[in-house]
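Chain letters run A, B, ... following the sequence lines, proteins first and then strands; every chain starts at 1.
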2 protein chains.
Amino acid sequence: MDLTTQNIPDTVTSISQAAELTGLTEDTIRYYERIGLLPYADRKPNGHRHYSKDQILGIRFLMRLKATGMTLEQMRHYLELTRQGDGTLSERYTILEAHNDTIAHEIARLQETQEVIRYKLRHFRELAENPNTDAYDCEEPGSSGQ
Amino acid sequence: MDLTTQNIPDTVTSISQAAELTGLTEDTIRYYERIGLLPYADRKPNGHRHYSKDQILGIRFLMRLKATGMTLEQMRHYLELTRQGDGTLSERYTILEAHNDTIAHEIARLQETQEVIRYKLRHFRELAENPNTDAYDCEEPGSSGQ
DNA sequence: TTACTACTTGGAGTATGCTCAAAGTCAAGT
DNA sequence: ACTTGACTTTGAGCATACTCCAAGTAGTAA
């Protein structure tokens, strides 16, 4: 099931459920708490962590940032600003805007590479149809493709 | 200057020029050779590496694969197939096709995240225009945004 | 009471991908 | 002859992000 649409119980979740709902491992969640990426989680009377629905959504958002190239340290900084409240709204705005631009550039680069790969695939198909007889058909390295 | 359009001298290049033309450092190029990602480069009589134009183009292609998420080990495997000649064409085709699909999924995910970020930016603008008076305005974690 | 399961903490180890430093070679310039 | 600069090799070290393990606790079930 797709994580982003998997629905989250309103009741508080354990670390194992949190792991399932976020796609992380329990170890990774504990690790994130240790390095200050996630705040010290509430504990049940027996000491076990528990998470609210909002916290799970928060982690999912973070995982989106991570999946789009943000480092743990950058996320940690962003979250620190969040904890500081509304006074940091404009700085957070700037960060997210910059990250959005980063993503735009990344998409452009991926599309460029898709074109290069498609060019190469086309070249391979031609070779297969029409096996080449000339001695020089360099591939990487050195390749003919950019 | 953009690396992919920067033109490459026809004459053989030194490692420092190769570094400049590929965006890698000299250390990284030597490291790649060490781990078998690049073949043992030709040496000049004094032992210095030299690279042909085609080799530079090959490295650039590799860097595209890397920039789009392929690991060094996967690239090493691909290049090994290349060295084995035309008999591996169909396997290489499959690899590149699969990588192209990976890129397509990656683009989709990036675009999804852009939407989430834009939603959040819009939310921030609303907050700035119309500072909120209610006590509960959670941000990550736990956040209101997906 | 014993066993089992789900957690806890703290610390060590691992994978990937570089990055740097030490010591040496070679050729050109003064 | 000596210095400078661009390289060489080998090996160690580092940053990021986990991942695993050992030892312990708390609650439940037989």
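- Legend: salt bridge (Lys or Arg N to Asp or Glu O under 4.0 Å) pairs involving residues 98-109 of chain B, not counting sequence neighbours, sorted by first then second residue: B:E106-B:R109.
- Projected onto DNA chain C by closest heavy-atom contact, A:Y40 and B:G47 fall at different nucleotides, the more 5' of which corresponds to A:Y40.
- For B:S90, the side-chain hydrogen bond (donor to acceptor under 3.5 Å, both in side chains) test picks out no residue, with sequence neighbours left out.
- Proximity of A:S14 to the phosphate of C:dC7: a side-chain N or O atom is located under 4.0 Å from OP1 or OP2.
- Here D:dG5 presents its C1' atom at 12 Å from CG of B:N46, a figure rounded to the nearest Å.
- For B:R118, the salt bridge (charged side-chain N to carboxylate O under 4.0 Å, His left out) criterion is met by no residue, not counting sequence neighbours.
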### Message
Can you build the contact string for nucleotides 16-24 of chain C? Use B for base contact, S for sugar-phosphate-only contact, and - for no protein heavy atom under 4.0 Å.
### Response
-BBBB----

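- Counting to the nearest Å, the C1' atom of D:dT8 and the CD1 atom of B:I15 are 10 Å from each other.
- Between the NZ atom of A:K44 and the P atom of C:dA6 there is a distance of 12 Å, given to the nearest Å.
- Residues in residues 68-80 of chain B take part in these salt bridge (Lys or Arg N to Asp or Glu O under 4.0 Å) pairs, two or more places apart or across chains: B:E73-B:R76, B:R76-B:E80.
- Judged by a 6.0 Å distance limit and a 45° cone about the ring axis, B:K120 is positioned over the six-membered ring of A:F61.
- With sequence neighbours left out, the salt bridge (charged side-chain N to carboxylate O under 4.0 Å, His left out) criterion links B:R34 to no other residue.
- Within the 4.0 angstrom heavy-atom criterion, no nucleotide atom of any strand lies near A:I35.
- For A:H48 and C:dC7, the NE2 to C1' distance is 3 Å, given to the nearest whole Å.
- Remark: C1' of D:dT16 and CG of A:L37 are 13 Å apart, rounded to the nearest angstrom.
- Between A:R49 atom CZ and C:dT8 atom C1' there is a gap of 7 Å when expressed in whole angstrom units.
- Counting to the nearest Å, the C1' atom of C:dT9 and the CD atom of A:E26 are 14 Å from each other.
- At a threshold of 4.0 angstrom between heavy atoms, the contacts of A:R30 include nucleobase atoms, whether or not backbone atoms are also involved.
- Between A:R43 and D:dA26 there is no side-chain N or O to OP1 or OP2 distance below 4.0 Å.
- Across the protein-nucleic acid pair, B:E20 atom CD and D:dC7 atom P stand 11 Å apart, rounded to whole Å.
- Relative to the ring axis of A:F124, B:R92 places its NZ or CZ within 45° and under 6.0 Å from the centre.
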